[in-house]
Visitor: 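This structure is in structure tokens; I'll ask about it shortly.
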Amino acid sequence: MTTITGDQSLVKRINTSLILDTIRRHAPISRASVSELTGLNKATVSNLVQELLNNHLVQESGPGASSGGRKPRLLLFNGQAGYAIGLELRVQQMTAVLTDLAGRIVAEDECPLEQHDTDSVTAGMVAIVRRLMQKAPQSPYGIVGIGAGVPGMVDGSGTVLFAPNLGWEMVPLSQLLEEELGLPVTIDNEANAGAQGELRFGAGRDARHLLYISAGSGIGSGIIINGELYKGARGYAGESGHMTIESEGRSCSCGNRGCWELYASEKSYDNEEFALPSKRTSELISYARQGHEDTIRHFYKLGHYLGVGITNLVNGFNPQSVIIGGPLSDARAWLEDTMQQVVAQRTLPYHRERMEIRFAELGSRSTVIGAAYSAISQFLGPVRVSMPMN
């Protein structure tokens, strides 16, 4: 039998985190309802709620409905107690948002990414963060942290181990940014960040088993299993863009051949089969709306290959929901039909049953909002208890 022990301070932190998360998810909510949902006694809830009120993380609103006695005061999460900044590095541009603690966007910024060397990218990230910091309203906690999603493999310390589309290896990005900005910085793969954004604030709010596909300059997958982000044995799960779908296909920068992202991401724009008027998704969408035939045919072909890769992932993971995000999600009007047809024809029938494919509610902002959420969750301090193995 395994015994888990903890001092009084740890127990208090766990209970406070549980109460705050319950208020965030169910507000407006009474203290009695918090007690019922958490299983904590009313005295503990009352004491810890008072601390959260004193710390400006919770507010009281007008009285709720009464079941016979005095009307209860309802509790709300104070999203304006502080702010966070979320960034996304893409191959051709950098985007960022300033959000409050509830994930609501307050301001946005973006800039082109013309050089990929570490010094240039870091300087650009610092500049965009500082611009957004100046737009943050006054609050008790100010800017609580920064989160960034990058197109590559990231370890637990925030070092980018390998990002072939940027030409990076072993870049200690979190450390570099923290030294410049003096704020805590969380770094993750951009698809993982996008999965968090959709799970917390978008199309995945009701899902327990979710695949998030980020389709842009490359392809990555964020995997949610039983409501938690799955990162694999060493933290590198989700590099599905380098799954082979053509055994003798084109060479990829990762060293493999026939990788999915060569056919179903913005990298496919280099395919000479179609005479594309641009290599930027936003511009190609405009051409497609105007009826440009080669652009429309290319999007249809891209949707086909997107469906091939999704089929492989669905057959492997049996998700409840698949969400398509990233820049290419804005081309839904031309991608969706062929993608859905391929998945319907090729997916195993029991995997397909009750499984749905959606496009991201947050659109191309899934990653930046998810990155901001990572910084917020670090600040709010969710405490996890792991049982040691014998």
Side-chain angles (χ1 to χ4, degrees), residues 89-92 116 150-153 161-169 189-192 194 211-223 232 236-281 284-285 288 293-317 319 322-332 334-348 351 357:
L89 290 185
R90 301 176 184 169
V91 172
Q92 296 182 335
H116 292 158
V150 301
M153 296 167 58
L161 303 175
F162 184 46
N165 293 339
L166 297 175
W168 285 9
E169 285 191 61
N189 172 269
E190 51 87 23
N192 287 341
L211 283 175
Y212 172 82
I213 310 297
S214 174
S217 55
I219 293 182
S221 301
I223 305 165
Y236 314 143
E239 290 294 331
S240 58
H242 298 288
M243 166 177 58
T244 300
I245 63 168
E246 294 282 358
S247 61
E248 301 300 325
R250 287 183 281 160
S251 297
C252 181
S253 59
C254 74
N256 193 10
R257 300 183 67 87
C259 290
W260 186 25
E261 68 178 36
L262 296 177
Y263 303 87
S265 77
E266 292 171 338
K267 287 187 175 183
S268 67
Y269 299 162
D270 294 327
N271 188 342
E272 296 178 356
E273 179 184 351
F274 300 101
L276 297 178
S278 172
K279 292 187 177 182
R280 294 179 64 88
T281 297
L284 288 174
I285 289 171
E293 290 186 4
D294 272 340
T295 300
I296 291 171
R297 286 197 300 121
H298 184 81
F299 277 145
Y300 285 162
K301 190 74 171 178
L302 195 153
H304 170 87
Y305 278 116
L306 201 56
V308 171
I310 289 172
T311 296
N312 292 339
L313 294 175
V314 168
N315 286 342
F317 286 97
V322 176
I323 297 175
I324 313 298
L328 278 167
S329 65
D330 292 336
R332 174 180 181 174
W334 303 277
L335 300 177
E336 186 169 25
D337 286 348
T338 52
M339 179 193 70
Q340 294 277 16
Q341 287 170 15
V342 169
V343 174
Q345 291 167 0
R346 301 189 181 202
T347 306
L348 293 169
H351 290 63
I357 300 178

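Positions are given from 1 along the sequence.
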Visitor: Do the non-hydrogen side-chain atoms of Ile310 and Ile324 ever get within less than 4.5 Å of each other?
Guide: yes

Visitor: Check the surroundings of atom CZ in Arg280: do more than 12 heavy atoms from other residues, nucleotides or ligands lie under 6.0 Å from it?
Guide: no

Visitor: Checking ring pair (Phe, Tyr, Trp, His ring centres under 6.0 Å) against Tyr305, which of Tyr263, Tyr300, Phe299 comes through?
Guide: Tyr263

Visitor: Answer whether the closest heavy-atom distance between the side chains of Val308 and Arg346 falls below 4.5 Å.
Guide: yes

Visitor: Hey, are the side chains of Leu313 and Val322 touching, using non-hydrogen atoms and a 4.5 Å cut-off?
Guide: no

Visitor: A side-chain contact here means heavy atoms from C-beta on lying under 4.5 Å apart; do Asn165 and Glu261 qualify?
Guide: yes

Visitor: Tell me yes or no: between the side chains of Asp330 and Thr281, is some donor less than 3.5 Å from an acceptor?
Guide: no

Visitor: Mark yes when over 12 heavy atoms from residues, nucleotides or ligands other than Glu246 sit less than 6.0 Å from its CD; otherwise mark no.
Guide: yes

Visitor: Is Thr347 reaching over with its side chain to a backbone N or O of Ala344, donor-acceptor style, under 3.5 angstrom?
Guide: no

Visitor: Less than 4.5 Å apart, any side-chain heavy atom of His298 and any of Trp334?
Guide: no

Visitor: Has Asn189 got a side-chain atom pairing as donor or acceptor with Tyr236's backbone, closer than 3.5 angstrom?
Guide: no

Visitor: Between the main-chain N or O of Val342 and the side-chain N or O of His304, is there a donor-acceptor pair closer than 3.5 Å?
Guide: no

Visitor: Evaluate the side-chain proximity of Ile223 to Leu211: yes if any heavy-atom separation is below 4.5 Å, no if none is.
Guide: yes

Visitor: Output yes when a side-chain donor or acceptor of Ser268 lies under 3.5 Å from a complementary backbone atom of Ala264, and no otherwise.
Guide: no

Visitor: Find out whether Lys267 and Ile219 are in side-chain contact, i.e. whether some heavy atom of one side chain is under 4.5 Å from a heavy atom of the other.
Guide: no

Visitor: Is it the case that the side chain of Arg250 and the backbone of Leu262 share a donor-acceptor pair, with hydrogens and angles ignored and the cut-off at 3.5 Å?
Guide: yes

